[in-house]
Amino acid sequence: MREEVAMTDTAERPAGREAESITRVVVRFAGDSGDGMQLTGDRFTSVSATFGNDLSTLPEYPAEIRAPAGTVNGVSSFQVQISDHDITTPGDEPSVLIAMNPAALKADLGRLESHGLLIVNSDAFGERDLAKAGYAANPLTDDSLVGYRVVEVPMTSLTQKATEPLGVKPRDAERSKNFFALGLVSWLYSRPTEPTVQWIAERFKDDLVRLSNATAFTAGYNFGETTEQFEHRFVVKPARMPAGEYTNISGNVALAWGLVAAGQLAKLPVFLGSYPITPASDILHELSKHKHFGVRTVQAEDEIAAVGMALGAAFAGHLGVTTTSGPGVALKSETTSLAVSLELPLLIIDVQRGGPSTGLPTKTEAADLNIAIYGRHGEAPLPVIAAYSPAHCFEAAIEAARIALKYRTPVILLSDGYIANGSEPWRLPDVASLPDISVPFATEMNHTNDDGTTEFWPYLRDPETLARPWAIPGTPSLMHRVGGLEKQDGRGDINYTPENHQRMVTLRAAKIAGIANDIPPAVAVGDVEDADICVLGWGSTWAAIDAAVQRTRRRGLKVAWVHLTHVNPLPPNLGDVLKRYPRVLVPELNLGQMCRIVRANYLIDAKSVSKVQGLPFTSRELEDAIEGALQ
Amino acid sequence: MREEVAMTDTAERPAGREAESITRVVVRFAGDSGDGMQLTGDRFTSVSATFGNDLSTLPEYPAEIRAPAGTVNGVSSFQVQISDHDITTPGDEPSVLIAMNPAALKADLGRLESHGLLIVNSDAFGERDLAKAGYAANPLTDDSLVGYRVVEVPMTSLTQKATEPLGVKPRDAERSKNFFALGLVSWLYSRPTEPTVQWIAERFKDDLVRLSNATAFTAGYNFGETTEQFEHRFVVKPARMPAGEYTNISGNVALAWGLVAAGQLAKLPVFLGSYPITPASDILHELSKHKHFGVRTVQAEDEIAAVGMALGAAFAGHLGVTTTSGPGVALKSETTSLAVSLELPLLIIDVQRGGPSTGLPTKTEAADLNIAIYGRHGEAPLPVIAAYSPAHCFEAAIEAARIALKYRTPVILLSDGYIANGSEPWRLPDVASLPDISVPFATEMNHTNDDGTTEFWPYLRDPETLARPWAIPGTPSLMHRVGGLEKQDGRGDINYTPENHQRMVTLRAAKIAGIANDIPPAVAVGDVEDADICVLGWGSTWAAIDAAVQRTRRRGLKVAWVHLTHVNPLPPNLGDVLKRYPRVLVPELNLGQMCRIVRANYLIDAKSVSKVQGLPFTSRELEDAIEGALQ
Amino acid sequence: MSDTIVPVTTKKDWTSDQEVRWCPGCGDYGILLAVQQLMPDLGIAPENTVFISGIGCSSRFPYYMNTYGMHGIHGRAPAIATGVAVARPDLDVWVITGDGDGLSIGGNHLIHALRRNVNLTILLFNNRIYGLTKGQYSPTSEVGKVTKSTPFGSVDPPFNPLSVALGAEASFVARTHDLDRKHMMDIFRRAHDHRGSSFVEIFQNCNVFNDGAFDDITSRQAREEMMIDLRHGQPIRFGADGHKGVVMGTDGLLRIVEVADVGEDAILVHDAYRDDPGLAFALARLSHDDHSATPFGVFRSVDRPDYGMAVGRQLAETSSKKGPGDLSALLRSNGTWQVA
Amino acid sequence: MSDTIVPVTTKKDWTSDQEVRWCPGCGDYGILLAVQQLMPDLGIAPENTVFISGIGCSSRFPYYMNTYGMHGIHGRAPAIATGVAVARPDLDVWVITGDGDGLSIGGNHLIHALRRNVNLTILLFNNRIYGLTKGQYSPTSEVGKVTKSTPFGSVDPPFNPLSVALGAEASFVARTHDLDRKHMMDIFRRAHDHRGSSFVEIFQNCNVFNDGAFDDITSRQAREEMMIDLRHGQPIRFGADGHKGVVMGTDGLLRIVEVADVGEDAILVHDAYRDDPGLAFALARLSHDDHSATPFGVFRSVDRPDYGMAVGRQLAETSSKKGPGDLSALLRSNGTWQVA
Ligand SMILES: Cc1ncc(C[n+]2csc(CCOP(=O)(O)OP(=O)(O)O)c2C)c(N)n1
Ligand SMILES: Cc1ncc(C[n+]2csc(CCOP(=O)(O)OP(=O)(O)O)c2C)c(N)n1
Ligand code: SF4
Ligand code: SF4
Ligand SMILES: [Mg+2]
Ligand SMILES: [Mg+2]
């Protein structure tokens, strides 16, 4: 199809203005939910990825499927930082903002860096558009945009003009204007056009739509080439990244693939019981595609059924998994407590979002640490693991499965909306190098009575891991019953005696606590020896902490940093490590949940840095926090 | 009816042996689930109560409705301590054990104090009975009972003989043998017979059953009078208790009455949405009787519906209440989070039992503190209150309602199986002296726009309490919508902006934290000035701590004690109080949940004393713990 | 319905100041309009009306009504509404739910509310899809449906919402669709006027994730031959000048026939007021997919005690027996003793 | 049923070493005996059999079977069992539940398991009471019932478990009672042999909290006139030498008549294999309380795809299309680039 499109025009053109090389740029596409900003951002991202930049993205969209067109509530935006060196965040302030309508301008202008480049679709600034966005006067004409470099481009009409010859109706042509914007920005930052043209050719089945988009893209690109409105054109050189094969991956996809991998590495079929919920649904969607990996996915009637099914599958010998977000974790609490009592392997994945209650369903937060660790009745301890970046979700899923299988315990894996939807380049691991996490099923009697007869005791533990045997249905002569009532140590029969209950409660706690010896110790990075302050992080704060620690250290501050993947149990040496430093700072997207835990464990006066705004920390915020703590 | 019975016989008799006065006795009735031990214990208790003793009880029964007759699993027992002075516990070791069968003997002998008095129903020690209980040899004939004062009484046959003249069949007569035992023990401790005879007359509608029981009771009493098997007869004089009118009350009944009272004091109808669960069901049962107080009770389809209904009733202007135990608290978590977000008054009552999962449904535990405080997704803080004794449940219920109503928040009230089923004498409060906890409903617009028009803002807070207005359906012109999505501060419209979310999260937290200034400060008792150790207690550990602190202090140790009713938020001065003492000890029926909280809050090296056996602490255990800590 | 003096209101009085946030073209708009237009006719006051919903596109509904309202949590609306209705039988309580909210996660609360016959007017927006979460299949989606969560097609057989309701003892059961405002208003009115639980299934088009799901039945061209209009006391006929009809065989099987073949008298006469739900159930099963003739209207409407009233009556009875509760008497009810 | 070689077992092989802990005289004993006696006839092996239950007296059942078993949590057995059955279609999965466990807290999981037609044999012990929690009313207790939680009598109308199941698309629906072991064994066998979800309501006597609830129907004296024995293909007759019968009127109403009055040919012939659930539903509604003639036996038994199999088939199909999953290919599926 590609030859049909007007791409060849540019090929014949002179090379165009010389591009000025810059080290990094933060681009933010903003428009109406209907304007396809997520798609546009995605394309710009993967082109930059294949081009070899390091990058990090931050998609943001409204909770409504489609809020009223043209309103601030309906604004959907996509921010991406691309760079020629190692970066971890989508950037604090965009250096360029593409605003497809007044609402987008109103919603996002505040984020644009001063003197930043502002590209607006001037066609979308009519009376009614301005009114819908709540503008009394037209910002393009009054002086509300001074301090920014404004470029007005009539994207709608230009797109319509470009596609008219193809016989595209103006109303339809309008739907291609985001590709015009993409073409323009691609030119501005010297992105290769090939991949996008190819992608358009493959993605759109309808001939006219395909042609219209391709043409709009080219028109946008050519517009940049021809217009005089841009003083400069830029190029962001590929980053020097470790050699290897890369793909651009989002947290939810990485997590889904991690679960597929875990099944392969454990030599077990994967069973996902899930109920859709933002921002976790995409894991269900992704896993549903991979049935040829022996992955079963059942969309349950609710979260309680979802975890119940996963638990049933685990009892039957599968790798049982359930994926959800905060409200679902709450609903699964009682069944999770049963899983703790049954001591069966089970993965409960919580992609955190803003709470309490329905809260901010499409925004990020990390306030489920408490419910993950403490949110069950009775003494029901379980391991909790937290992924720290989109790509890390892959590894985290495998590690969670390893622990669940080895210790026969439910494990809660925490992700969040930011890393779930955000993406970054990922250097593909060598599949052969991934760990074998398989565990044997019980196949024989494990207890001999005095009279020499043998029995199967479902709660006779492995002396080292304290894990009980996993005997699955179908195994001859190991028939046994398990349940939520207290069980006699060893035999597993119902038992209500005081001593036995004490023993079992202690054993269950010891089993989980013991996992601390099977995880990597806590390591400080940065000014390990002489830091004046140690930043303790967990989960997705990783990116912002990384940037903030680098910058503050560049400015001569003595800063160390410990980042946790295993949040329960904690690495045994964590207390000693933290006590080395006069100050401990714990940045969290909650009101200080991990901070309380380390205070209780180690009696150190750790200080919380808290942000609960549905957004990740900016590195600037953490820079200031570190500096402030050192004053 | 009474004259029919053989009571008059004794009346003609000589007064009987002189009773030796003792200060306290611990009696334990033990038999088969079918033997009516709970009834027997109850009778002995209330007779002693009306007689004027101080007392405390500990009923224990199996999780099964009726485990196989004669087996150890089927044993049901009732322990009561009666005394002539102020006591708080049912006693560590019984001084007398009444064992109705071998199973009961086997199950409870271990608890009897050495040289304790053991009364057995010798008729129940046949071959098969012994086998069922798992006795190889007959303990009455071999020397396994040395070290106890054993009195064998053929209760079954004596009862049958006594009731035969009435035409009672031997099989039926057997069912009256517990009254024979009651009569015997009543004689032994010089209990008045009047009340029991009267109670029997009123309780049993069937003439023959009534007569048979009354006769058995008298026969037992007379047997004590006539037999020579008892060297002594005892009397426990009435306790010197503060003047007033007393009733004997269990925790569940006190809690139910407290809820009725709360409704009256708040001038609101009470709405209970509940799903039956041991040991909380009796609150539902009790409240269902009091419809003439305007109390509505709905047995919901499950716990989620129960709390949902209570929340709906609260929205409609009732005092919404839901009662449950651990598994139910877990299920209610998501709706509780909604209640936090809606900021409506709601009472969630958790009568704790042994966990995790179904655990030990009929046994006590206090391991739901974590889920109560931390068991919701997102930042969803709420106040938590803990009752410390059966009678205290009344006051605790009113206090929980006061806070819920004043601050428009769900409140979790913690009780447990021990105080729920246990009973103690309660000095009735003067109803007129109970606090007025009523709050006004909103009736008018509360916001004026610049143009002078007025509106109703459902989230415009009281500057002091930070509570929002409670405008109930039916109120003209205050129509408004609430929901679980984040709300704009003041207006209450849906709002997803970062700043507003931060503000609302902070406001909700501040509202709950602020309650600390509206509760009694923490007070230490005991060696307040110069204690070497401070015991920090909460909930039902109160009784055992009280006894242990008294005894250790009597033995010259310097001990202080702080007991908490408000466990979240904590009294503002708690940190200062605890820091006064070199050591802090926190006894809990869990693995140290409150201990972690005070460590995190105040960075003090508080030590946990933990027991998780389905039983309350004995005072001995805590005495040893205090002593040990001081070594 | 609890008001004695009939309040006079206009559509405006029932419309909130919140901007409506559904996709352009969504069927929900038509339903909202029908309800807002109907309210003034019901002779009730906004302040005595409560709308409770769960979570879903449909569940945004209460925000747009100028009444008391709660946007609850997913699936729990019937339970929350039961609390409102039992506590306050004087109120007019509506439940707004979706096929996922009401039949998937909320199925249990829904059937128990219907069983108890709580005085609720329940509107279930059936678009056979999860709209708000961007297009997964629902318990009413057809087998084979390809959605985000079923890339190879769903293998879940769907519920028939009406049979679920009838199996759960529902006293009022009806069906309407988002394209016919008059019909919606008529059904909603009757649902509202019914004392006890009223269950209304509304065929609702989700033009973003399941567009045209009901076209074969409700589109202008299809209606005449595909929509069976149920009217109490009338023979069940449909199609161009009623050439088709429904007959019940002595074998207990309901059949669609050409009236000409069997004669008018053989045609089944609809009886919505019959205690026995058998006929309503059979009619609910008459269509097995969205491409065959489908009955609309009121399937069942029978009187059963309203749960909230029954609860209230017990309160009144005990009070009149025992007199108003006396707290200090209560505290003494288990016997007391004096200590001097 | 998934075994090719038929294992030979005796009742002993199916009996666990746990002592049975029900009250003396409980109807559960008879049901346990019936199941344990039946198992050897089914030609299946204990190690391929799984019993999943919730919480309640009835839910203690799995402990007494020498098979794989799970005593789950209240109401969740159908969900847990769905996980077992979908993961392992080779297993024989039984669900044991009570009227509270299965219809109150577990109602939603039950109806969704039935809708999906998961291969489960579901035995619901209906004693119309909460036994384990010592006697509160249940969703099958009659109106007016005085229990611990309803001292003035219940105002909740009960569910008819069979209509709930039929309304939820159940493919196999039957009723039996705890006093007739032969009948129980026959029904359990057919429920087991049915591929997909089988739902069996068992009238079970709780002699401690609801003694004699079914006496008017199932007691030796009452049976003949009160129990209607449903047999596929047979006219539905009962009473002394079948003097009573059931007829379907053209008005869609099922009636009990004297056969003499209407003639044998007018009597309705039972059709359990009919796709349309209308007749089964009508029969389920024939009795409205525990004091009128009540049908027993198999109401409905139709073939629908077994959910677990359908899920498995999709796995097989994709594998045969795409070949077994290749992890490193998956990691490259979204496009990659090389960095030297
Ligand atoms: C406890 C919980 N689980 C899941 C979700 C996510 N969720 C919100 S709405 C919805 C389904 C909506 O479908 P439906 O009820 O049919 O409403 P529609 O959007 O189609 O109108 C889901 C799964 C949630 N909000 N809460
Ligand atoms: C989540 C939860 N809620 C409540 C309970 C208490 N509970 C246990 S069994 C039961 C009802 C039992 O009734 P049914 O299912 O009819 O079984 P039955 O005892 O009558 O055989 C209840 C309410 C529980 N164990 N767990
Ligand atoms: S997603 Fe569908 S149901 Fe939801 S608002 Fe859009 S069109 Fe309506
Ligand atoms: S309580 Fe009833 S159902 Fe439970 S074991 Fe006893 S008799 Fe059976
Ligand atoms: Mg829907
Ligand atoms: Mg029952």
Side-chain angles (χ1 to χ4, degrees), chain C residues 75 103-112 115-117 139 143 150 152-153 155-160 162-169 247-254 266 268-271 274-286 288 304-305 307 309-311 313-314 317-318, chain D residues 75 103-112 115-117 139 143 150 152-153 155-160 162-169 247-254 266 268-271 274-286 288 304-305 307 309-311 313-314 317-318:
Chain C
L103 289 171
S104 193
I105 192 169
N108 206 37
H109 306 306
L110 177 67
I111 60 177
H112 281 273
R115 170 178 69 86
R116 295 191 181 100
N117 203 35
V143 170
T150 52
F152 303 98
V155 294
D156 285 40
F159 273 140
N160 173 328
L162 299 189
S163 19
V164 171
L166 289 163
E169 311 296 325
V247 298
M248 170 60 84
T250 52
D251 59 357
L253 191 57
L254 219 52
L268 177 68
V269 173
H270 182 43
D271 181 357
R274 185 184 292 172
D275 258 348
D276 184 287
L279 176 58
F281 187 87
L283 286 167
R285 307 301 303 201
L286 199 54
H288 10 74
R304 291 211 281 122
Y307 186 75
M309 287 291 201
V311 169
R313 205 171 304 113
Q314 277 196 337
E317 283 164 9
T318 6
Chain D
L103 290 171
S104 192
I105 191 169
N108 207 36
H109 306 307
L110 178 66
I111 60 177
H112 281 274
R115 169 177 71 86
R116 295 190 181 100
N117 203 35
V143 170
T150 51
F152 304 99
V155 295
D156 285 39
F159 273 141
N160 172 328
L162 300 188
S163 15
V164 172
L166 289 164
E169 311 295 326
V247 297
M248 170 60 84
T250 51
D251 59 357
L253 191 56
L254 218 52
L268 177 69
V269 173
H270 183 42
D271 181 356
R274 184 183 294 170
D275 258 347
D276 183 285
L279 175 59
F281 187 87
L283 286 167
R285 306 300 302 201
L286 199 53
H288 11 74
R304 287 210 284 122
Y307 187 74
M309 286 292 199
V311 169
R313 205 171 304 112
Q314 278 195 336
E317 284 164 10
T318 7

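Predicted model only: the values in this text are computed from it and were never measured. Per chain, numbering begins at 1; letters A, B, ... match sequence-line order.
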Exercise. Do C:Pro157 and D:Glu169 have side-chain heavy atoms sitting under 4.5 Å apart?
Worked result: no
Interatomic distance, CD1@C:Ile105 vs CG@D:Asn108, rounded to 0.5 Å, equals 8.5 Å
Distance col, row D:Ser104:OG vs C:His112:NE2, nearest 0.5 angstrom, shows 5.0 Å
Under 4.5 Å to a heavy atom of chain D? For C:Leu283 that would be neither
Of C:Pro139, C:Ala165, C:Ala282, C:Ala310, the largest count of non-hydrogen pairs under 4.5 angstrom with chain D goes to C:Pro139
Between D:Met248 and C:Thr250, the two heavy atoms sitting closest are CB-O, 3.5 Å
With chain D, the option among C:Gly107, C:Ala284, C:Gly278 that has the most non-hydrogen atom pairs under 4.5 Å is C:Gly107
Is there a side-chain contact between D:Arg274 and C:Asp251 in this structure, where contact means two heavy atoms from C-beta onward sitting under 4.5 Å apart? yes
Bottom line for D:Asn160: the part with an atom under 4.5 Å from chain C's heavy atoms is both
So, the part of C:Arg304 with a heavy atom under 4.5 Å from chain D: the answer is side chain
Under 4.5 Å to a heavy atom of chain D? For C:Leu103 that would be backbone
What one should report as the nearest heavy-atom pair of C:Phe281 and D:Leu166 is CZ-O, 4.0 Å
When the 4.5 angstrom heavy-atom criterion is applied to C:Val164 and chain D, the contacting part is both
Max heavy-atom pairs within cutoff under 4.5 Å with chain D, candidates C:Gly153, C:Ala168, C:Ser163, goes to C:Ser163
One option among D:Val269, D:Ile111, D:Leu279 has the most heavy-atom pairs under 4.5 Å with chain C, and it is D:Ile111
Side chain to side chain contact (heavy atoms under 4.5 Å, CB included) evaluation trace for C:Asp276 with D:Leu254: CA-CA 9 Å; C:Asp276 184 287; D:Leu254 218 52; 5.8 Å; no
Chain C shares the most heavy-atom pairs under 4.5 Å, among D:Leu110, D:Leu253, D:Asp271, with D:Leu253
Residues C:Leu268 and D:Gly252: closest non-hydrogen pair is CD1-N, 4.2 Å
Bottom line for C:Pro158: the part with an atom under 4.5 Å from chain D's heavy atoms is backbone
One option among D:Pro277, D:Gly249, D:Gly106 has the most heavy-atom pairs under 4.5 Å with chain C, and it is D:Pro277
With chain C, the option among D:Leu286, D:Thr318, D:Asp156, D:Asn117 that has the most non-hydrogen atom pairs under 4.5 Å is D:Asp156
Side-chain contact, heavy-atom cut-off 4.5 Å: C:Val155 with D:Val311? yes
